[in-house]
Amino acid sequence: MKLNLTVISLVLVAAVSFGLYQLSYEVQGLEKDLRSLSKNISENKESIRILKAEWTYQNRPDVLQALSSKYLPLLLIAPYQVASVGDVPYPQVDPEQYSVPVPRHNPRRDHSPATPLPKGPIQLATFTYEGHLQ
Amino acid sequence: MSELTWSTKSSRPRITLTPSLGQKYPDDSHMALRLEGSAKETLEQGRNRLVMAGVIFAFCFVILAGRLVGLAISGIGGEETVASDVDAPPPVAITESKRAEIKDRNGVLLATTLTTASLFAEPQKVIDAKDVAARLTTVLDDMSEAAIVSKLASAKNFVWLKRNLTPTQQYQINALGIPGLHFREEEKRFYPMGALVSHVMGFTDVDNHGIAGVEKYFDAQLGGSDERAAQELTLSLDVRIQHALRDELSRHMSIFRAIGAAGMVMDVKTGEILGMASLPDFDPNRPGDFSGDAKFNRISLGVYEMGSTFKTFTTAMALDMGVVGLKGGYDATEPIRKAGFRIRDDHPKKRWLSVPEIYMYSSNIGAAKMADDVGPKKHKAFLAKLGLLEKPSLEIPELGAPILPPRWNSLETMTISFGHGLSVSPLQLSAGIAAIVNGGNYINPTVIQREEGKMTAVRQVISTKTSDTMRRLMRLVVEKGTGGKAAATGYLVGGKTGTAEKAIGGRYKRDALIASFVSAFPMNDPRYVVFAMLDEPKGNAQTHGFRSAGWTAAPIVGRLISRIGPILSIQPVDEESEAVQKAMFIPINSREKKLASF
């Protein structure tokens, strides 16, 4: 019994101290990770600042104006070019187009093809070498 | 045989003699060996000492255990920061300590802080100064070899070679691999827009402290402090409008060979300034390279006698106070002679002029008589309500106070009625015009973006009805009067020209003019006030030699409005349409004799 107690407590001490050291090293590792991550974040933030400044610098209005006058055939917007959606007219309907009588029935509805459709599942239309619809 | 063992059962130490097998003790299974005398005393003492030591150790371990439990629960707060302080400064703090960014109303970056490398040398450790200088000049082409050699020859342990290198330069110098040269990271304020927003922005000194413009006014907010983090700033400016304004001003400044130009665009309903430019201007990235004249803000710091634009205030005052109606008028046949002064018209009509005619033909005589009818006291009070008699409020330190006449009597009222004798800044004039056209409410101008519906206190200056009349009158000036060149088709521009002679050394100089044009658009529901001014413009062949505002300043406004109208999403209208004509109609009530009546 006494021997058991001693052995158990020894094993316990060993286990706890191993666990503790493990934890300690793990924490140290995590702290290191954290430091490198924060360093990365601050470096990235700095890069973003620089890139934003660079982007704004490259997009200065006078530069854009010079480029657009060089490459784009755009002029100032004249007042007549501005309109609201309501001002856009509907497309004109040509009365001639609708004077042709529309057949009541689809004329091909009762049409039976000269060559009967192949049996089996429906096939997709393909072109033959001669270019005829098969 | 019997063996000796310690028994812990009894309170007293006792040696038991376990009898050997086979022996029988009927009365007691234990046979105690009792020690007496000095032996017992010694044993007692040893036992006490042992117990004492045990208690002390137990106490210590309990404390340790308690501390462990405590640490496990609360964590190692204090020690953590100390530990990380030793390893590296917390990086988050570096970002927060940077001076905050400034943006325009659309989020375009106007000012930011970048970390740059600065090159310094330890001259004691530099081996061959001449060789180092020769190699450095291949990278730093703006530095001479002799300058570097003289710097490296100093006896000090530390000498700056070049501040704020570009990343490429830093890389190249690093690649040279010269011993004794080191980099130090420094912060540099960077303005990507360069000279575009120079005057509003201001600039900072080497230590990143604002010393002009909003950089100075909001220095505490931008820089932050120990208690408060640096906070970014959103200006009311719009870079696109600012660019259009500066572009048109600089173009016309060179066309008319003016020594300076200024202009601004302001929202009449919120008081936000969308564009404010003063030429010549400077690059805030290197303010040291520019003269004081370039840093002078003609819009807010410069005060000028603005000339005929003041007739807008005079007319509004007379109409609002009911001194004269639209049908009334004054005789402008003869110049006024008063106290040795002669008030005359530039383009005399030599007849009776109605109020709309006085305004559209810009008659000094008519305006002077109108103001005289109102009286000096009321005139002064009215201009004070428009904020023209005291320093305006704006979020930049460069603000000029108006120059008032030493006394304000009938003569002064007459001259001020057409804009002479009282010097105000263009900023004050624009704010006053905004109040005239927006329905009569004076709103403090601002360069900071105002939230919708979060307005500063306004004061009613004129009635809504008078404001409506003034809109029509200003439209009349552009439609039929002196400001014809400001017409931007479709945007219903209305405005007033102002040509004033510059007072230099107490005398008016005939050949030095301030030509200005103040306008608002669209006149059926004014949204923006646009102001443009040229300092000492000269006439050219295209203007037939004229230098007056109608020829020089008005075209700036016309071109500018047709450029910024679409940006500000103003719907153009057909100016010839009946509805618009009706909305802008004003009876002129002229008594001019038409040729047909002969």
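Proteins get letters first, then strands, A, B, ... in listed order; numbering begins at 1 in each.
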**OP:** Calculate, to the nearest 0.5 Å, the distance between atoms CG and CG belonging to B:Leu196 and A:Asp62 respectively.
**Re:** 7.0 Å
Original post:
So do the side chains of B:Lys98 and A:Glu46 get within less than 4.5 Å of each other, counting heavy atoms only?
Top reply: yes
Original post:
How many angstroms lie between atom OG1 of A:Thr56 and atom CD of B:Glu101, to the nearest 0.5 angstrom?
Top reply: 8.5 Å
Original post:
Are any of the side-chain heavy atoms of A:Pro61 and B:Met193 separated by less than 4.5 Å?
Top reply: yes
Original post:
Side chain, backbone, both or neither: which part of A:Leu76 has a heavy atom under 4.5 Å from chain B?
Top reply: side chain
Original post:
Taking all atoms of both residues into account, what is the closest heavy-atom pair of B:Pro192 and A:Ala53, and its distance?
Top reply: CB-O, 3.9 Å
Original post:
Should the heavy atoms of other residues, nucleotides or ligands under 6.0 Å from CD of B:Glu185 be counted, would the total exceed 12?
Top reply: no
Subject >> Structural part of B:Gln571 lying under 4.5 Å from a heavy atom of chain A >> reply: side chain
Subject >> Contacting moiety of B:Leu110, where chain A heavy atoms sit under 4.5 Å >> reply: neither
**OP:** Could you grab the distance from atom CD of A:Gln65 to atom NE2 of B:His243, nearest 0.5 Å is fine?
**Re:** 3.5 Å
Subject >> Rounded distance [0.5 Å steps], CG in B:Leu109 versus NZ in A:Lys52 >> reply: 6.0 Å
Original post:
Roughly how far, to the nearest 0.5 Å, is the CG atom of B:Asn285 from the OH atom of A:Tyr57?
Top reply: 8.5 Å
Subject >> Atom group of B:Arg563 that falls short of 4.5 Å from chain A, counting heavy atoms >> reply: both
Subject >> From B:Thr115 atom OG1 to A:Glu43 atom CD, the distance as rounded to the nearest 0.5 Å >> reply: 11.0 Å
**OP:** Pick one of side chain, backbone, both or neither for B:Asp247, based on which atoms fall under 4.5 Å of a heavy atom in chain A.
**Re:** side chain
Original post:
In terms of heavy-atom contacts, does OH of B:Tyr171 have more than 12 from other residues, nucleotides or ligands at under 6.0 Å?
Top reply: no
